[in-house]
Asks: 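Take this structure first; my questions come after.
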Amino acid sequence: MHTSTSPYLLETASIDWGDDNVPRSSLYGDVYYCREHGLAETRYVFLEQNSLAERFSAVADHTTFTIAETGFGTGLNFLAAWQLWREQVKPSSLCRLHFVSVEKHPLFKADLQRALAQWPELAELSQTLEQAYPELVAGQHRLEFDDGRVVLDLLFSDAEAGFASLQRSRHPLYLRSHAAVDAWFLDGFAPGSNPGMWSDSLFNAIAALSKTGSSFATFTAAGFVKRALQERGFSVEKVPGFGRKRDMLRGRFSPTARPAPTQKRLRVSENAAWHLPEPMPRPASVAVVGAGLAGCHTAAALAKRGIRVTVLEQGHQVAGAASGNPQAILYTKLSHQAGQLNQFALSSFLHACRFYRAMPDLPGDLCGVLQLVDSTRQEQLDKLRSAFARQDDWCQFVSSEEASAIAGIDLASPAVYFRQAGWLRPAALCKQLLSHPNISVLTGHALHELRQQARGWQLQCENGASITVDAVVLANSHHAMGLPQCAHLPLKIIRGQLTLIPDSEVSALPRSVVCHEGYIAPPVDNEIVIGASYDTRSADTALRDEDNEANLQKLQEAIPGITFSARNTPYKARASLRCTSPDYLPLIGPAPIAEQQLKTFAPLAKDAKTLVEQRGAYYPGLYLNLGHGSRGLTSTPLAAEIVASQLCSEVPPLPRDLTRALSPSRFLIRSLVRGR
Ligand SMILES: Cc1cc2nc3c(=O)[nH]c(=O)nc-3n(C[C@H](O)[C@H](O)[C@H](O)COP(=O)(O)OP(=O)(O)OC[C@H]3O[C@@H](n4cnc5c(N)ncnc54)[C@H](O)[C@@H]3O)c2cc1C
Ligand SMILES: C[S@@+](CC[C@H](N)C(=O)[O-])C[C@H]1O[C@@H](n2cnc3c(N)ncnc32)[C@H](O)[C@@H]1O
């Protein structure tokens with residue numbers, strides 16, 4: 001067990017296994033499931049009383065059935081629901097099960113394994129869950145199973161805060177505007193010992209997230225739970241409980257019967273729903289512009305949702321620009337602070353590690369990444385260490401001796417060791433992502449003009465080709481600003497050059513990636529890739545000798561033991577352009593109509609607390625995935641999930657505050673509020 005003020009650490013579960021091998025929470029003094037018949041109870045209480053067998057078998061193609069649960073615990077309820085889904089829904093059908101669960105005190109993997117070992121019927125599913133089980137870091141973790149047909153969002157947070165963070169807006173007019181949940185499993189510990197799982201605020205969030213007709217089931221028959229649900233628009237029935245329990249509750253939501261009570265107090269940041277577009281139907285066809293990491297991940301995320309995707313790429317090959325480097329490092333920089341940049345960096349890194357680890361033919365090697373730390377900045381190192389204490393399974397603080405042993409070369413600094421990270425060949429990765437039957441790729445097609453139609457968009461290419469689609473995602477880096485719809489975006493260009501040296505000319509080859517100000521990794525195609533220069537004043541991709549010299553000098557300052565036998569020969573190199581934003585977060589989400597957005601939210605210029613009773617002004621079905629800076633390999637898998645979930649009106653993979661922090665509209669709104 002561990003408590004701390006770090007935004008990332010949580011109080012993990014403390015399990016007492018007793019003599020009967022049944023997990024019992026020492027924090028709450030209650031069992032996770034009934035001793036003799038845990039699985040049978042789950043099936044009766046949660047699956048049957050939500051009528052899931054009938055409802056699963058009737059799920060239409062291209063729809064998502066969403067279950068939300070209070071208290072993930074051992075994952076037994078999730079596994080039982082997943083097993084039923086497999087029985088009722090053919091793998092060839094184009095629908096998805098989305099299971100969202102909150103857990104304030106996650107179990108250690110060993111405890112989860114021990115609990116799930118009790119259910120041999122679930123053995124295959126249990127093992128799959130155990131392999132994907134996330135790091136015990138506070139926040140939202142998205143896991144995918146059955147080729148993306150089953151999605152599990154695990155919110156390691158308090159239930160009330162976790163479900164409130166999934167509402168797309170807390171604005172009074174739009175509280176229920178993105179209700180997504182079809183069925184609820186209310187499974188906290190008994191209300192007497194676990195009041196946080198049965199609070200008024202949690203019931204408000206439950207009502208706000210429930211679709212009309214959404215069902216709930218819970219083992220408790222407590223009178224106050226019944227009344228709280230009724231007050232919020234649920235019809236509630238008392239039915240016989242499982243085994244020795246006399247009663248339990250189930251019901252359905254019909255919000256017109258009684259409106260959800262208004263939220264207590266609105267935060268200033270919630271008074272204007274500038275980030276919310278008008279809802280639009282799920283697109284059947286989408287054009288993705290740009291076949292770099294952002295475009296290819298976006299295409300793959302949409303294709304696995306059954307959407308037809310056309311990728312337009314101006315170059316004659318996939319991943320020919322920044323994503324065409326021979327090697328890219330999967331890495332992040334940790335910070336002990338909670339800011340949105342740090343939270344996105346961490347969430348996207350953990351998501352990317354999971355995503356790439358699950359790829360069957362990974363083009364690269366997750367051989368571990370050492371991030372050298374400046375040992376003279378002891379205070380900072382101590383803060384990092386305590387913010388990420390007890391996270392050795394994914395991030396470990398190692399001495400220079402330990403780091404040297406991991407890398408197999410002499411390193412003079414201590415390091416943070418990310419054992420699950422490594423390097424990939426981005427172009428091969430992009431090609432793999434595009435090899436899906438729902439994706440067509442058109443290289444040599446430069447988008448020239450985007451024309452809005454009565455429904456959807458027409459894309460006019462420079463070569464005369466034209467295609468019509470329901471929606472568009474621009475993933476064409478800084479080139480997006482060449483379109484009138486995006487001319488207002490404040491994207492910035494940063495030139496970067498890599499140096500490539502035959503591995504035979506390098507005195508010592510690392511076994512893992514070593515990041516300092518630059519990086520060096522194990523060889524790829526008999527070459528060592530040394531990265532990378534960083535020039536904010538140039539948009540020119542001509543190769544420069546001085547950049548090669550600077551790359552080698554930085555490397556030798558960081559790792560003096562490495563020498564090159566042919567120092568004077570001209571080096572091979574590759575230069576390309578990174579694209580970033582003024583706050584270094586990418587731009588992910590719907591594209592605003594700049595003038596209209598500024599006009600609609602002009603009252604914020606006078607008073608940032610004004611309640612604006614309108615949604616944001618957005619081009620219907622035009623989305624952006626841009627500005628991935630120096631870490632596109634890390635940020636683009638999660639970015640793609642964000643865009644795809646927005647286009648399909650699904651529960652988003654990140655909490656509302658972070659999704660808003662990524663909104664391409666944020667700079668317009670900031671300019672209003674700051675009077676610039
Ligand atoms: C030297 C260097 C080293 C780097 N090292 C790393 C690293 O180790 N790890 C890491 O995570 N990141 C690294 N990065 C950053 C990473 O390369 C980028 O974040 C990532 O490639 C961005 O991907 P993208 O798809 O947004 O952009 P790009 O890869 O630039 O893709 C944009 C695509 O859009 C196409 N396009 C543009 N306009 C049009 C149009 N009108 N019509 C059709 N297509 C169009 C372009 O041709 C291009 O293919 C590095 C970058 C540089 C420059
Ligand atoms: C009865 S157990 C859930 C069992 C679980 N559904 C299963 O299938 O194993 C209740 C869970 O709620 C969690 N919990 C308790 N209070 C919480 C809170 N305020 N927010 C989120 N989770 C909480 C507990 O840690 C525990 O894992």
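All ligand and atom numbering here is 1-based and tracks the order in the structure. The chain is numbered in sequence order, starting from 1.
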Asks: By number and element, which atoms of ligand 2 are closer than 4.0 Å to a non-hydrogen atom of L76?
Replies: 7 (C), 8 (O), 9 (O)

Asks: Consider side chain to side chain donor-acceptor pair (under 3.5 Å). Of H351, H628, H297, which one does S635 pass it with?
Replies: H628

Asks: Applying a 4.0 Å heavy-atom criterion (strictly less than), which segment of F72 is in contact with ligand 2: side chain, backbone, both, or neither?
Replies: backbone

Asks: Just to check, does F78 reach to within less than 4.0 Å of ligand 2 when the distance is taken from its heavy atoms?
Replies: no

Asks: Which part of S157 is near ligand 2, with near meaning a heavy atom under 4.0 Å away: side chain, backbone, both or neither?
Replies: backbone

Asks: Heavy-atom contacts under 4.0 Å between N194 and ligand 2: side chain, backbone, both, or neither?
Replies: side chain

Asks: Can you report which non-hydrogen protein atom sits closest to atom 29 (O) of ligand 1, along with the distance?
Replies: S323 OG, 2.5 Å

Asks: Tell me: protein heavy atom nearest atom 26 (O) of ligand 1, and distance?
Replies: A294 CB, 3.6 Å

Asks: Consider ligand 2: state whether an atom of it lies below 4.0 angstrom from any non-hydrogen atom of E160.
Replies: no

Asks: At a 4.0 Å cut-off, with the gap strictly under it, does some heavy atom of A115 reach an atom of ligand 2?
Replies: no

Asks: Which atoms of ligand 2 have any heavy atom of G75 under 4.0 Å away?
Replies: 7 (C), 8 (O), 9 (O)

Asks: Nearest non-hydrogen atom to atom 52 (C) of ligand 1 belongs to which of D535, L626, N325?
Replies: N325

Asks: What protein heavy atom sits nearest atom 17 (O) of ligand 1, and how far off is it?
Replies: A322 O, 3.2 Å

Asks: Give a yes/no on ligand 2: does A13 have at least one heavy atom closer than 4.0 angstrom to it?
Replies: no

